[in-house]
Amino acid sequence: MSILASLQKSTIESLEALFGQSFTEKDFQVNQTKPEFEGDYTVVMFSLVKSLKQSPDAIGNQLGEHLTKNYPQLFSAYNIIKGFLNLSVADSYWLTLLQEQYNDICFGKQPISGKKVMVEYSSPNTNKPLHLGHLRNNFLGWSVAEILKANGNTVLKSCIVNDRGIHICKSMIAWEKFADGKTPQSTNTKGDHFVGEYYVKFNDEYKKEIATLVGGGMPAADAEKEAPIMKATQQMLQDWEAGKPDVIDLWKKMNGWVYEGFDITYKTIGSDFDKMYYESNTYLLGKDIVQTGLDKKVFIRKPDGSVWIDLTADGLDEKLVLRKDGTSVYITQDIGLAQQKWDEYNIDKSIYVIGDEQNYHMKVLQLICKKMGVPYADDIHHLSYGMVELPTGKMKSREGTVVDADDIVAEMENEAKQKTEELGKVKDFAQNELSALYHTIGLGALKFFLLRVDPKKKMIFNPEESIDFHGFTAPFIQYNYARIKSVLRKNEFIKDKSIGTNFLPLEKELIVSLERYGSVIGEAANELNPSAIAIYIYNIAKTFSSFFAEHSIANAETEEKKQLRLYLASMTANVIKSGMQLLGISVPERM
RNA sequence: GGUCCGGUAGCUCAGUUGGAUAGAGCAUCAGCCUUCUAAGCUGAGGGUCAUUGGUUCGAAUCCAAUCCGGAUCACCA
């Protein structure tokens, strides 16, 4: 049990003993004590004043007295300032914690609870390479999955690949028209980048054709539909759906190129999946559910044959679920795929990591599920994250204004290489060790940069300014980890040696922070928010860094102090490594 | 226009769900390497928490109105 939970429990027991009423942890608030006051945790008295009809200080005195007298193993002292009861946790509590946990790599994590969660993330299109926005999605999804695991859930990572549709046909048409038989191999280009070039080519050509038509006097709206390359693309989509062999062959060939490219990127950034869904397999799903919905009168069929759901009563609009020709739309397959996930895996919760531009869509999906009365409707959760934008605005693959994923990773690794060489601390590393280190630092800095902010906030990335390696960054945390490991390599624990009986302020601050790790994992899991972990780990590293500058471990005043500090350092290293792992960031033994 | 999200230091962001004098990093300035890794440490300056009103012991946090920015409201996905 965490010290916070113990404090809540003992406070309830004390209040009940003192005042003969029953209480819950919601009747009072517990905070960490501000550094300018004496104590570790603070119980705020004001909320108790009304029901107890006594002054805050009077209640605080009785409670503080009762807690220190009856729970001496937990609390050693108290003071009251303006209605805040500040409690000092007994040093023996922290010392015991340290002795028991200093070398436990599972510290803070929950045992398996049996809950099964699916996290869908990444969801790429097979007509272009991944960009910085996809990286935010990938890092978030992967990290949330790890955080949920650490909190006791069984997690399945899934991915729906957007591998068919008009946008895929666009790059296919452009390749047919302009490539002259070129391939990724013949041009020595990564497959996803190769295909992406033709997606851009399509749009260039499409714009030209529109301009010509408009120049000839056609209204712009008509020109968009009448442009020959667009008509050819639409014909190709129909041929694809009809299964025309040469189109299918081309589709398979070009998707194959993209997958070869994606495999490399996913391997580099450390994304993995337990289950792949392909839209080419799922796009017909959901049609039978629409029929059920019609029978249940959840959906309505209009005279032209199209099927709709009326969500105006819920503050939304009428939404199409089936076209008049009977073909399905985006939401139709999502309804079907949601069902399939439950049928296949018997999951308790389904999390979709999707950008906030699709908030409306996901709301509609959930509402439809509710109205259909499916049992999992409330267990669908949209983890909505903000877009990554450039100072000039949104990134657009069509127009080539994107920060490419492969490029930015390579740049970060290169940056790591330069800085490492400047510092010259690892001159004895072999070449493969060096490249591994650059990867760890460069990718770590990038992941941390994208994960340290609240997911739901949009973020602006300025390619002109390089991502920092100092301060609130992964390299700073990694650096502190490496410093600890260095100390631990040079100084051995002494068996059965006592670790003394008290703490200096920075030692205390560190152990109090370390103790909170489990609670932080719990919070991050509840809120699906990796930034909670990032901020916490950074603060641990920062506290350690101050401590490290202030006090010597190797030359501590006494053997006891040295042992205590070695334990503290060891536990700090474990928590840093564990927390960074939840973010998908590894930590080097040296740097 | 409807719905939703956001506005905190020059910049990028925290702010424990209503608690004590609003905190970090970057940038600026001043110190600190003959001792465990200076990708570091210590200190300084920097704030009308968009604005106005309300709720109460107490508001950056909750409510209302207003201003500004963004997303979305396709027989696209």
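Just so we're on the same page: letters track the sequence lines, and every chain starts at 1. Not measured: the values here are computed from a predicted model.
- On a pure distance criterion of 3.5 Å, a polar donor-acceptor pair joins the side chain of A/Thr42 and the base of B/A20.
- Aromatic stacking of A/Phe84 on B/A20: satisfied, with centres closer than 5.5 Å and planes within an angle under 30 degrees.
- An OP1 or OP2 oxygen of B/C36 is reached within less than 4.0 angstrom by no side-chain nitrogen or oxygen of A/Ser486.
- Position along RNA chain B of the nearest nucleotide to A/Ser531 versus A/Glu589 favours A/Ser531 as the more 5'-ward residue.
- OP1 or OP2 of B/A14 sits under 4.0 Å from a side-chain N or O of A/Lys457.
- As rounded to the nearest Å, B/G7 and B/C62 have P atoms that lie 10 Å from one another.
- Heavy atoms of A/Phe476 sit under 4.0 angstrom from primed sugar atoms or phosphate atoms, though from no base atom.
- Look at A/Lys417 and A/Glu421 and you find a salt bridge, because one of the NZ, NE, NH1 or NH2 atoms lies within 4.0 Å of a carboxylate O, short of that distance.
- A/Ile535 comes within 4.0 angstrom of sugar-phosphate atoms only, judged by non-hydrogen atoms across all strands, and of no base.
- For the side chain to side chain donor-acceptor pair (under 3.5 Å) with A/Thr33, the qualifying choice from A/Asp40, A/Thr42, A/Asn79 is A/Thr42, the only one to do so.
- Residues A/Met459 and A/Arg489 each lie close to RNA chain B; by heavy-atom proximity, the contact nearer the 5' end of the strand is made by A/Met459.
- A donor-acceptor contact shorter than 3.5 Å is absent between the side chain of A/Asn480 and the backbone of A/Ile477.
- Taking atom C1' in both B/G25 and B/U35, one finds a spacing of 29 Å when rounded to whole Å.
- For A/Ile81, the listed nucleotide lying nearest its side chain is B/A20; candidates were B/A20, B/A38, B/A24.
- Stacking of the aromatic ring of A/Phe46 onto the base of B/G19 is found: the ring centres lie under 5.5 Å apart and the planes are inclined by under 30°.
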* Structure fact -> Heavy-atom contacts, protein to nucleotides 68-77 of chain B, under 4.0 Å, summarised as B (base), S (sugar-phosphate only) or - (none) per nt, yield --SSSS-BSB

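- Separating the P atom of B/G10 from that of B/C49 is a span of 12 Å, rounded to the nearest Å.
- Separation of the P atoms belonging to B/U12 and B/C4 is 27 Å when rounded to the nearest angstrom.
- Contact annotation for A/Asn462: no contact, since no heavy-atom pair falls under 4.0 Å across all strands.
- Looking at residues 540-550 of chain A, you'll see A/Lys542, A/Ser545, A/Ser546, A/Phe548, A/Ala549 sit with a heavy atom under 4.0 Å from some atom of RNA chain B.
- Less than 6.0 angstrom separates the ring centroid of A/Tyr283 from the ring centroid of A/Trp240.
- Nucleic acid contact class of A/Ile484 (heavy atoms, under 4.0 Å, all strands): none.
- Side chain of A/Lys456, nearest nucleotide from B/G19, B/G6, B/U37: B/G6.
- Within 4.0 Å of A/Gln418, counting heavy atoms only, lies no atom of the nucleic acid at all.
- Residue contacts shown for A/Val453 are limited to sugar-phosphate atoms, with no base heavy atom under 4.0 Å away.
- Going from the P atom of B/U55 to that of B/C13 covers 35 Å, rounded to whole Å.
- Nucleotides B/G46 and B/C26 are separated by 13 Å at their C1' atoms, to the nearest Å.
- The same atom, P, is picked in B/U3 and in B/A65; the two are 11 Å apart, to the nearest Å.
- A salt bridge links A/Glu507 and A/Lys561; the closest N-O separation between the charged side-chain nitrogens and carboxylate oxygens is under 4.0 Å.
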* So what's the dot-bracket for RNA chain B: Watson-Crick or G-U pairs under 3.5 Å, [ ] if a pair crosses, | if it pairs off-strand? -> (((((((..((((.....[...)))).(((((.......))))).....(((((..]....))))))))))))....

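- When the C1' atom is used for both B/U17 and B/A60, the distance is 13 Å, rounded to whole Å.
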